[in-house]
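Read through the structure below, which is laid out as structure tokens, and then see the notes.
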Amino acid sequence: MNARTDAPVDKDVPMDPDNPRPFDPSSPLVLNRRDLMVGTATAAVAGTLATPGEAGAAANAAVSAMTDLSVTINGVSHRIALDVRSSALDMLREVFGLTGSKKGCDHGQCGACTVHVDGRRVAACLTLAAQLEGRAVTTIEGIAPGDGPLHPMQQAFIDNDALQCGYCTPGQIMAAIACVNEGNATSSERIREYMSGNICRCGAYAGIVAAIQQAAPQMQEA
């Protein structure tokens with residue numbers, strides 16, 4: 001809507017083409033479209049220039065957020081300081097060099113990062129390292145002594161050709177051990193259901209089921 005123009009106009013006063021009212025430079029109330037646009041653009045640029053600094057300060061504050069963590073990994077107690085945002089998977093791989101647990105999807109959908117926490121399987125990529133305070137973690141590296149025989153499940157995977165490329169195998173074995181320990185290896189159908197969260201892109205599922213069925217009696221006798 002245009003501003004009112006019925007006020008008397010002094011012809012000696014210059015007119016602003018964007019505002020039909022008389023132009024009075026001394027009046028603080030006169031604001032035309034050009035002034036508004038220039039002021040808005042200036043404020044926007046100033047805000048944009050300030051944003052990276054503020055974001056950087058927030059990022060630095062987040063990075064500096066550290067926590068102390070006491071955790072037992074494969075029977076060895078550790079106390080470390082790490083970023084509160086670290087996942088259990090990143091801690092295992094990057095801090096302790098336990099690279100058997102794989103980073104497949106990083107969304108808890110493939111099972112390649114499966115480890116045991118207090119005897120139960122978890123997806124390490126979805127578990128914050130800080131949640132492991134006072135807990136016992138077992139990875140694929142800790143299920144059998146380095147200079148001793150393989151774990152029955154490891155041997156069964158070899159015997160039944162339950163792997164091809166091997167990328168998912170550590171997670172498959174950790175989930176398979178939990179399957180037996182939690183009483184879910186009673187039938188091939190129940191094994192398949194329990195192991196459905198562990199994906200093998202090579203399609204070695206028949207061998208995996210056979211391996212679990214072979215290892216289950218040996219594990220139960222031990």
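Residue numbers run from 1 in the order of the sequence given.
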Any pair counted as side-chain hydrogen bond (donor to acceptor under 3.5 Å, both in side chains), so long as it reaches residues 123-135, sequence neighbours left out: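 Listed once each, the pairs are D118-R135.
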Inter- and intrachain pairs under side-chain hydrogen bond (donor to acceptor under 3.5 Å, both in side chains), touching residues 170-182, at least two apart: E182-Y194
Quick check: is [Y] connected to [X] through a chain of hydrophobic side chains (ILVMFWY, heavy atoms under 4.5 Å apart)?
X: V122; Y: L82; result: yes
X: I140; Y: L89; result: no
X: Y167; Y: I208; result: no
X: M91; Y: V117; result: yes
X: L163; Y: M195; result: no

Can you list everything that forms a side chain to side chain contact (heavy atoms under 4.5 Å, CB included) with [X]? Sequence neighbours excluded, please.
X: T186; result: R190
X: A206; result: none
X: T114; result: R121, M174, A175, N198
X: E141; result: N74, L98, T139

ILVMFWY cluster membership beyond L128 - transitive side-chain contacts under 4.5 angstrom: none
List the atom of [X], the atom of [Y], and the distance in Å for their closest heavy-atom pair.
X: P145; Y: P149; value: CD-O, 4.2 Å
X: S87; Y: A124; value: CB-O, 4.0 Å
X: A178; Y: H116; value: CB-NE2, 3.9 Å
X: Q154; Y: A144; value: OE1-CB, 3.6 Å

Criterion side chain to side chain contact (heavy atoms under 4.5 Å, CB included) on D68 and I80, from CA distance to verdict: CA-CA 6 Å; D68 291 327; I80 60 171; over 6 Å; no
Residues which pass side chain to side chain donor-acceptor pair (under 3.5 Å) with S70, listed by chain and number, not counting sequence neighbours: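 Result, side chain to side chain donor-acceptor pair (under 3.5 Å) vs S70: R79.
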Test side chain to side chain donor-acceptor pair (under 3.5 Å) applied to R201 - qualifying residues, sequence neighbours left out: none
Value rounded to 0.5 Å, distance of [atom1] in [X] from [atom2] in [Y]:
X: S188; Y: E193; atom1: OG; atom2: CD; answer: 12.0 Å
X: C179; Y: R192; atom1: SG; atom2: CZ; answer: 11.5 Å
X: F157; Y: T169; atom1: CZ; atom2: OG1; answer: 7.0 Å

Does a side-chain heavy-atom distance below 4.5 Å link [X] with [Y]?
X: I173; Y: H151; answer: no
X: I73; Y: L92; answer: yes
X: M153; Y: I143; answer: no

Enumerate donor-acceptor pairs with a distance under 3.5 Å from any side-chain N or O in residues 211-222 to protein atoms, sequence neighbours excluded.
unit_1 : atom_1 : unit_2 : atom_2 : d
Q214   : OE1    : N160   : ND2    : 2.9
Q214   : NE2    : D159   : OD2    : 3.0
Q218   : NE2    : Q214   : O      : 3.3

Only distances under 3.5 Å count here; give the side-chain donor-acceptor pairs of residues 100-108 to other protein atoms, sequence neighbours excluded, each with its distance to 0.1 Å.
unit_1 : atom_1 : unit_2 : atom_2 : d
K102   : NZ     : T99    : O      : 3.0
K103   : NZ     : D90    : OD1    : 2.7
H107   : ND1    : C105   : O      : 2.7

Those residues that, when tested against F96, pass ring-ring contact (aromatic ring centres under 6.0 Å, His included) (two or more places apart): H78
